[in-house]
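Each remark here refers to the structure printed beneath this line.
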Amino acid sequence: MRYWLMKSEPDVYSINDLERDQETLWDGVRNYQARNFMRSMEPGDWVFFYHSNTQPPGVVGLMTVAQSGVPDPTQFDPASEYYDPKSTQDNPRWQTVTLRFLEQFPTMVPLEQLRQTFSEDELWVVRRGNRLSVMPVDDPVAEKILAIARHS
DNA sequence: GCCAACGTTGGC
DNA sequence: GCCAACGTTGGC
């Protein structure tokens with residue numbers, strides 16, 4: 001079981017939306033590094049839900065991977081902003097995962113606190129200029145985030 | 001709203 | 001294959 005972190009702008013899709021839906025297909029990722037991380041996810045992995053582009057940004061809850069290796073349906077849809085004409089049903093370029101709601105933290109762990117607690121190498125999301133929306137989180141770091149989230 | 005960071009595109 | 005131009009992300 002591995003830990004991950006995935007970003008979403010809450011205006012687009014928030015932890016509350018996931019709590020309502022319980023399960024969601026994480027579509028629209030069009031970055032190869034992020035896709036490769038999603039390819040290596042396995043059912044049962046835990047994923048921190050991070051709210052980006054909001055005030056303040058931070059980790060707001062926890063999800064678990066339900067299915068991995070799922071072709072992103074938006075790549076086949078000409079009406080979608082994520083349409084990829086180079087992708088075919090036989091050879092899809094973009095795989096994603098479905099995620100299930102686990103918990104919403106009583107209070108978010110804000111980016112500022114993550115910065116105070118972890119170095120750039122320990123937790124990539126605190127890296128200045130970081131734009132990657134899917135990233136791995138090492139076990140000790142993940143356990144510390146959980147401890148902070150559940151203690152406050 | 002600004003702008004630094006950085007991924008992608010496309011001309012050459 | 002280089003790299004300038006461009007577009008997007010995301011903190012502030």
Side-chain angles (χ1 to χ4, degrees), chain A residues 2-21 24-41 45-65 68-99 101-138 140-142 144-149 151-152:
Chain A
R2 295 169 73 185
Y3 291 97
W4 306 89
L5 181 148
M6 295 172 84
K7 297 180 188 171
S8 178
E9 301 187 20
D11 288 350
V12 179
Y13 196 81
S14 71
I15 187 82
N16 289 322
D17 293 326
L18 181 62
E19 185 165 16
R20 178 199 62 213
D21 299 340
T24 196
L25 186 145
W26 204 268
D27 60 12
V29 173
R30 294 293 179 271
N31 170 283
Y32 287 104
Q33 194 180 1
R35 181 205 62 183
N36 292 344
F37 282 136
M38 289 200 294
R39 279 180 174 173
S40 63
M41 288 182 186
D45 286 359
W46 280 12
V47 184
F48 290 102
F49 196 131
Y50 179 91
H51 278 180
S52 66
N53 225 328
T54 188
Q55 191 49 250
V59 173
V60 292
L62 202 58
M63 327 180 254
T64 189
V65 176
S68 63
V70 182
D72 183 339
T74 61
Q75 68 193 307
F76 308 122
D77 177 7
S80 169
E81 61 176 310
Y82 303 117
Y83 177 60
D84 186 345
K86 291 173 186 160
S87 224
T88 63
Q89 296 277 354
D90 288 343
N91 191 18
R93 179 175 296 198
W94 304 104
Q95 288 81 35
T96 184
V97 292
T98 58
L99 295 162
F101 177 82
L102 282 184
E103 68 176 285
Q104 179 166 2
F105 298 143
T107 59
M108 84 152 41
V109 183
L111 177 60
E112 188 185 359
Q113 186 171 5
L114 294 172
R115 285 219 161 98
Q116 287 165 4
T117 312
F118 303 108
S119 69
E120 293 192 351
D121 290 334
E122 284 176 311
L123 185 63
W124 298 357
V125 80
V126 308
R127 266 183 211 171
R128 173 181 161 75
N130 166 61
R131 289 169 50 188
L132 192 62
S133 67
V134 180
M135 64 194 76
V137 180
D138 287 341
V141 172
K144 205 160 176 180
I145 295 171
L146 285 173
I148 293 168
H151 184 261
S152 50

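Both backbone and side-chain heavy atoms feed into the values below; hydrogens, waters and symmetry mates do not. Residue numbering restarts at 1 for every chain, and letters A, B, ... go by the order of the sequence lines.
- To the nearest angstrom, P of dT8(C) lies 16 Å from OH of Tyr32(A).
- Across the protein-nucleic acid pair, Asn130(A) atom CG and dT9(C) atom C1' stand 10 Å apart, rounded to whole Å.
- Phosphate proximity of dG11(C) to Tyr50(A): present, with a side-chain N or O under 4.0 Å from OP1 or OP2.
- Heavy atoms of Arg127(A) sit nowhere under 4.0 angstrom from any nucleic acid atom.
- Not less than 6.0 angstrom separates the ring centroid of Phe49(A) from the ring centroid of Trp4(A).
- By the 30° and 60° cut-offs, the orientation of the rings of Phe48(A) relative to Tyr3(A) is parallel.
- Separating the CZ atom of Arg115(A) from the P atom of dG11(C) is a distance of 8 Å, rounded to the nearest angstrom.
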For this session: Go along nucleotides 1-7 of chain C 5' to 3' and tag each nucleotide: B for a protein heavy atom under 4.0 Å from its base, S when only backbone or sugar atoms are that close, - otherwise.
Result: ------B
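- Between Arg127(A) and Asp121(A) there is a salt bridge, since at least one side-chain N of the basic residue sits less than 4.0 Å from a carboxylate O of the acidic one.
- Summarising the local packing, CD of Glu122(A) is surrounded by more than 12 heavy atoms from other residues, nucleotides or ligands at distances under 6.0 Å.
- Residues Val141(A) and Leu123(A) share a closest heavy-atom pair of CG1-CD1, 4.1 Å.
- Across every non-hydrogen atom of Ala34(A) and Ser133(A), the tightest pair is CB-OG, 4.2 Å.
- Between Lys86(A) and Arg128(A), the residue whose closest nucleotide on DNA chain B is further toward the 5' end is Arg128(A).
- Asp77(A) and Thr74(A) share no side-chain donor-acceptor pair at under 3.5 Å.
- The distance between atom CG of Leu123(A) and atom P of dG11(C), rounded to the nearest whole Å, is 12 Å.
- Applying the ring-ring contact (aromatic ring centres under 6.0 Å, His included) definition to pairs two or more places apart or across chains, none involves residues 101-122 of chain A.
- For Arg30(A) and dT8(C), the CZ to P distance is 14 Å, given to the nearest whole Å.
- Shown for residues 3-19 of chain A: no residue has heavy atoms falling under 4.0 angstrom of DNA chain B.
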